[in-house]
Protein chains: 2
Amino acid sequence: MLDHNKIYNPLSNFNKAINKLSANGIRPTKQRMILAKLLFEKGKRHISAEDLFDEVREEDRKISLATIYNTLKQFTSLGLIREIVVDQNKSLYCTNKESHYHLYIEDENKVIDIPTKNIDLNIPSIPACLKLHDVDVIVRIRTLKEKYKN
Amino acid sequence: MLDHNKIYNPLSNFNKAINKLSANGIRPTKQRMILAKLLFEKGKRHISAEDLFDEVREEDRKISLATIYNTLKQFTSLGLIREIVVDQNKSLYCTNKESHYHLYIEDENKVIDIPTKNIDLNIPSIPACLKLHDVDVIVRIRTLKEKYKN
DNA sequence: TTACATGCAAAGCATTTGCAGATAA
DNA sequence: TTATCTGCAAATGCTTTGCATGTAA
């Protein structure tokens with residue numbers, strides 16, 4: 001059921017997402033709507049499949065992990081969210097639609113958005129013909145002590 | 001067995017690596033020596049565990065994958081190589097000891113080093129107290145066509 | 001009605017771990 | 001000798017897939 005917020009805010013990220021789904025012939029099923037709400041009605045997020053799975057349960061609903069993974073992949077293909085690979089055992093999904101990069105603090109397993117203007121890329125080695133589709137920048141910082149001596 | 005190259009080039013990356021091993025009480029076993037040779041006597045490389053496994057076999061030797069993974073992890077802890085997580089199912093290990101960042105071309109599964117001077121990081125949001133141990137920057141570019149329409 | 005979605009369990013895959021046997025010092 | 005290392009196979013953990021069932025249009 002629609003609430004007033006959505007009725008009077010036709011350009012919300014949630015509504016844009018739903019529009020994009022139908023524009024691509026993808027059915028607005030119960031599961032997709034629940035996930036879209038969690039992703040797009042809570043501000044900018046960096047969230048994992050497992051996190052979403054838990055949030056769905058907290059609402060006393062249930063969506064299988066497989067469906068969550070498949071939906072996240074689909075939303076990513078549609079450009080509704082961005083996947084950030086922070087380490088080999090975890091992908092996070094980012095709902096910030098503005099142009100930005102990511103700062104990953106390994107010790108805390110935490111991701112912070114960095115405005116694009118804060119990083120100047122000067123990469124003459126990219127062939128001019130490459131026609132970039134997307135550029136992700138992950139700045140990974142560690143504060144760990146060295147484990148071995150010099 | 002040592003060859004002339006090593007005898008007369010005491011500052012080679014290979015020798016530095018071996019020195020670091022013994023400085024940390026880590027035995028220069030047959031397996032570690034073979035891996036160190038492959039890593040440090042072939043110039044700058046971006047190589048996976050599986051790649052190394054294959055290269056060892058090409059020399060008609062055999063080191064188990066488990067040992068290769070463990071050794072790579074250990075060399076990384078020692079700071080001899082750097083791990084680059086290019087996607088969730090693959091880590092590459094980089095033998096370039098100079099300060100640099102990484103450009104990952106997803107379509108080609110290829111990594112190129114970027115000199116640090118080509119990227120200006122201006123990240124006021126990092127708390128000053130954090131005392132960075134290391135900063136990895138991965139610029140991930142895609143040239144794929146969009147799969148879905150707008 | 002029917003093409004598309006979902007959920008479950010099983011499969012996949014890179015990586016890690018437990019442990020018995022091997023090896024360096 | 002003995003602490004460390006290696007190799008195998010099994011375990012792990014995230015993610016994907018096959019397929020039977022369910023559902024939107």
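Every chain is numbered from 1 and lettered A, B, ... according to where its sequence line falls, protein lines coming before strand lines. Predicted, not measured: the structure shown is a model, and the values here were computed from it.
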Separation of B/F53 atom CZ from C/dT16 atom P, in whole Å? 16 Å
Using modelled atom types only, decide if a donor and an acceptor are shared between the side chain of A/S48 and the backbone of A/L92 within a distance under 3.5 Å. no
Kindly say whether A/F75 contributes a backbone atom to a donor-acceptor pair with the side chain of A/K20 at under 3.5 angstrom? no
Phosphate-side-chain proximity, B/K90 and D/dC14, N/O vs OP1/OP2 below 4.0 Å: no
Partners passing side-chain contact (heavy atoms from CB on, under 4.5 Å) against B/K30 (at least two apart in sequence or in another chain): B/I34
I need the CD-P distance between A/Q31 and D/dT21, as an integer number of Å. 18 Å
In this structure, OG1 of B/T95 is separated from CG of B/D113 (nearest 0.5 Å) by 8.5 Å
Listed in order of residue number, which residues of residues 64-72 of chain A have a non-hydrogen atom at under 4.0 Å from DNA chain D? A/A66, A/Y69, A/N70
In whole angstrom, give the distance that lies between atom CD of B/E83 and atom C1' of C/dT16. 13 Å
Once you round it to whole Å, what is the distance between P of D/dA3 and CG of B/N24? 20 Å
Rounded to 10°, tell me the angle between the two end axes of the helix from C/dT1-D/dA25 to C/dA25-D/dT1, each built from five pairs. 30°
CG of B/L52 versus C1' of C/dA14: gap in Å, rounded? 15 Å
Test side chain to side chain contact (heavy atoms under 4.5 Å, CB included), reference A/L39, set A/N13, A/L52, A/L80, output is A/L52
Return no unless some side-chain N or O of B/S91 is found under 4.0 Å from OP1 or OP2 of C/dA14. no
Return the 5'-most residue of the pair B/T29, B/A49 with respect to DNA chain C, ranking by each residue's nearest nucleotide. B/A49
On DNA chain C, does the nearest nucleotide to B/K30 precede the nearest nucleotide to B/S48 from the 5' side, or the other way round? Give the residue. B/S48
Length of the CZ-P vector between B/R32 and C/dA22, whole Å: 18 Å
Distance, rounded to the nearest Å, where A/I26 contributes CD1 and C/dT6 contributes P: 10 Å
Rounded to the nearest angstrom, tell me the gap between atom NZ in B/K62 and atom C1' in C/dA22. 15 Å
Examine the base of D/dC5 for any acceptor or donor lying under 3.5 Å from a partner atom in the side chain of B/R27, and report the outcome as yes or no. no
Out of the candidates A/K37, A/R45, A/K62, only one should pair with A/E55 under the salt bridge (Lys or Arg N to Asp or Glu O under 4.0 Å) rule; please name it. A/R45
When B/D87, B/V85, B/I112 are each screened for side chain to side chain contact (heavy atoms under 4.5 Å, CB included) with B/Y104, the one that passes is B/D87
So, A/K90 and A/E50, do they make that salt bridge, N to O below 4.0 Å? no
Under 3.5 Å donor-acceptor, A/R82 side chain and A/N96 backbone: no
Which nucleotide, C/dG7, C/dT17, D/dG7, lies nearest any side-chain atom of B/K73? C/dT17
